[in-house]
Number of protein chains: 2
Amino acid sequence: MNSISNLVDIYRLTNRKITPQRLAIFNVLDSNTDHPTAEEIYEQVKSQIGNVSLKTVYQTLNELESLNQIQIIDVGTGTSRYDPNVNQLHHHLVCQNCSKVKDIELDISGEMLKAFSQNSGEFKIDRVEVVIRGLCEVCLGKGSSKQSEL
Amino acid sequence: MNSISNLVDIYRLTNRKITPQRLAIFNVLDSNTDHPTAEEIYEQVKSQIGNVSLKTVYQTLNELESLNQIQIIDVGTGTSRYDPNVNQLHHHLVCQNCSKVKDIELDISGEMLKAFSQNSGEFKIDRVEVVIRGLCEVCLGKGSSKQSEL
DNA sequence: AGCTAATTAACAATCATTGTTATAATATAA
DNA sequence: TTATATTATAACAATGATTGTTAATTAGCT
């Protein structure tokens, strides 16, 4: 995602208005590595500016995605997560216990893409996404009991 | 997934009853490589035995998953898909145009898992899932216009 | 300051999936 | 082969995430 002031420029240039809601959402996403859900972003925005509607959050997030400023990721936890890291190619580690998502940089070109194209038949590859499931550091330390705090 | 007669045995052994609905669902899944949705399975079962409820289909599919007979996959198309291929390690090709899913066998042990564990920090890896997005053979032939027939 | 288009909030609506419960059907034993 | 216990089914309603609708508000320009 671009810097907030760049986002403001982009919004102005595309005839969009800079509202307190949008600024607060930009702020929550800025340098965020937590892969928050819309609900989580909503809560943080609310604590910043008092009132927003969840609809506005969804709208702005979809907007940011279509402007290629964030990535909407669905790792099968039932809720979309929003990732401002779009400049750097990366993949995701998903904790099977707490559902937290972390970025992981993997070079999947060379060797691996060769293997892919050998087996992909007539399929034209656009993008390769790797999801690694397991237990994160925190949950490893705590045994295997269900817990879900951030 | 085991053969239908094996499934029947497993069901009997676990105090489950063999109903026409369940048999029809087994039948639809048997050797199925289409990664159908619950809705699609429901339609096929209905054409076989006349009446089922969608709830029954979901129930049986969840049951089959907990018996390790099928795999529930979520490739971010908004709906779960059901894959009877569980014996053979594989990954998925997802068409960005028609959402069809195909299996692809990839050996991601050796080289690749080494790279993974180098970068995964304290994360304990359980499973690696690769989703390859792009255009399938059919959609490649038809240009890029939206279409969704099977 | 005033105008206009864009934005927001407060709903209702949707889609996939699961919960509830009364009825029906299977398996088993007499 | 029929009675009985138990499981399964169907027909709902309910849920959770996300999107549609619309009237009221606000940002940005003049």
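Hydrogens, waters and symmetry mates are skipped; everything else that's a heavy atom, side chains included, is used. The chains referred to below are lettered A, B, ... by the order of the sequence lines, with proteins before strands, and numbering in each begins at 1.
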Contact under 4.0 Å: A:Q21 side-chain N or O vs D:dT26 OP1/OP2: no
Over all heavy atoms of both residues, which pair between A:R81 and A:D34 is shortest? Give the atoms and the distance, please. NH1-O, 4.4 Å
base_contact_polar (C:dA25 base, B:K17 side chain, donor-acceptor, <3.5 Å): no
What do the steps show when you test A:V131 against A:H91 for side chain to side chain contact (heavy atoms under 4.5 Å, CB included), and what is the final call? CA-CA 6 Å; A:V131 172; A:H91 298 275; over 6 Å; no
Taking the side chain from B:E63 and the backbone from B:L61, do they hold a donor-acceptor pair closer than 3.5 Å? no
Tell me the interatomic distance from A:F26, atom CZ, to C:dT7, atom C1', rounded to whole angstroms. 13 Å
Specify the separation, in whole Å, of atom OH of B:Y42 and atom C1' of C:dT17. 14 Å
Would you please confirm or rule out a distance under 4.0 Å between OP1 or OP2 of C:dA9 and any side-chain N or O of A:N51? yes
Establish, with yes or no, whether the OP1 or OP2 oxygen of C:dC15 is under 4.0 angstrom from a side-chain nitrogen or oxygen of B:T79. no
Checking side-chain polar atoms at under 3.5 Å, does A:Q71 have a donor or acceptor matched by the opposite partner on A:E65? no
Taking OP1 and OP2 of C:dA27, is either one under 4.0 Å from a side-chain nitrogen or oxygen of B:R12? yes
May I have the distance from A:L13 (atom CG) to C:dA6 (atom C1'), rounded to whole angstrom? 16 Å
Nearest-angstrom distance from the residue atom CD of B:E39 to P of C:dT14: 16 Å
What residues from residues 56-64 of chain A pass a heavy-atom cutoff of under 4.0 Å to DNA chain C? A:T56, A:Q59
If I take atom CG in residue B:L54 and atom P in nucleotide C:dG19, what distance separates them, rounded to the nearest angstrom? 14 Å
When all nucleic acid strands are considered with a 4.0 Å heavy-atom cut-off, which category describes B:T19: base, sugar-phosphate, or nothing? sugar-phosphate
Reckon A:T37 touches a base, only the sugar-phosphate, or nothing at all at heavy-atom distances under 4.0 Å? nothing
Whole angstroms only, please: what is the CZ-P distance between B:R16 and C:dT28? 15 Å
Just how far, in rounded Å, is P of C:dT8 from CG of A:L23? 10 Å
Per nearest nucleotide of DNA chain D, the residue lying toward the 5' end, B:R22 or B:K55, is B:R22
Does CG belonging to B:L89 count more than 12 external heavy atoms closer than 6.0 Å? no
When you measure from the side chain of B:T56 to the backbone N and O of B:V52, does any donor-acceptor pair fall under 3.5 Å? no
Rounded to the nearest angstrom, tell me the gap between atom CG in A:N15 and atom P in D:dA27. 17 Å
Hey, are the side chains of B:E129 and A:R133 touching, using non-hydrogen atoms and a 4.5 Å cut-off? yes
Let me know, please, whether B:I18 or B:A38 comes out on the 5' side of the other along DNA chain C by nearest nucleotide. B:A38
Side chains of B:E39 and B:V57 in contact at under 4.5 Å (non-hydrogen atoms): no
Between B:P20 and B:S80, which has a closest nucleotide on DNA chain C that is more 5'? B:S80
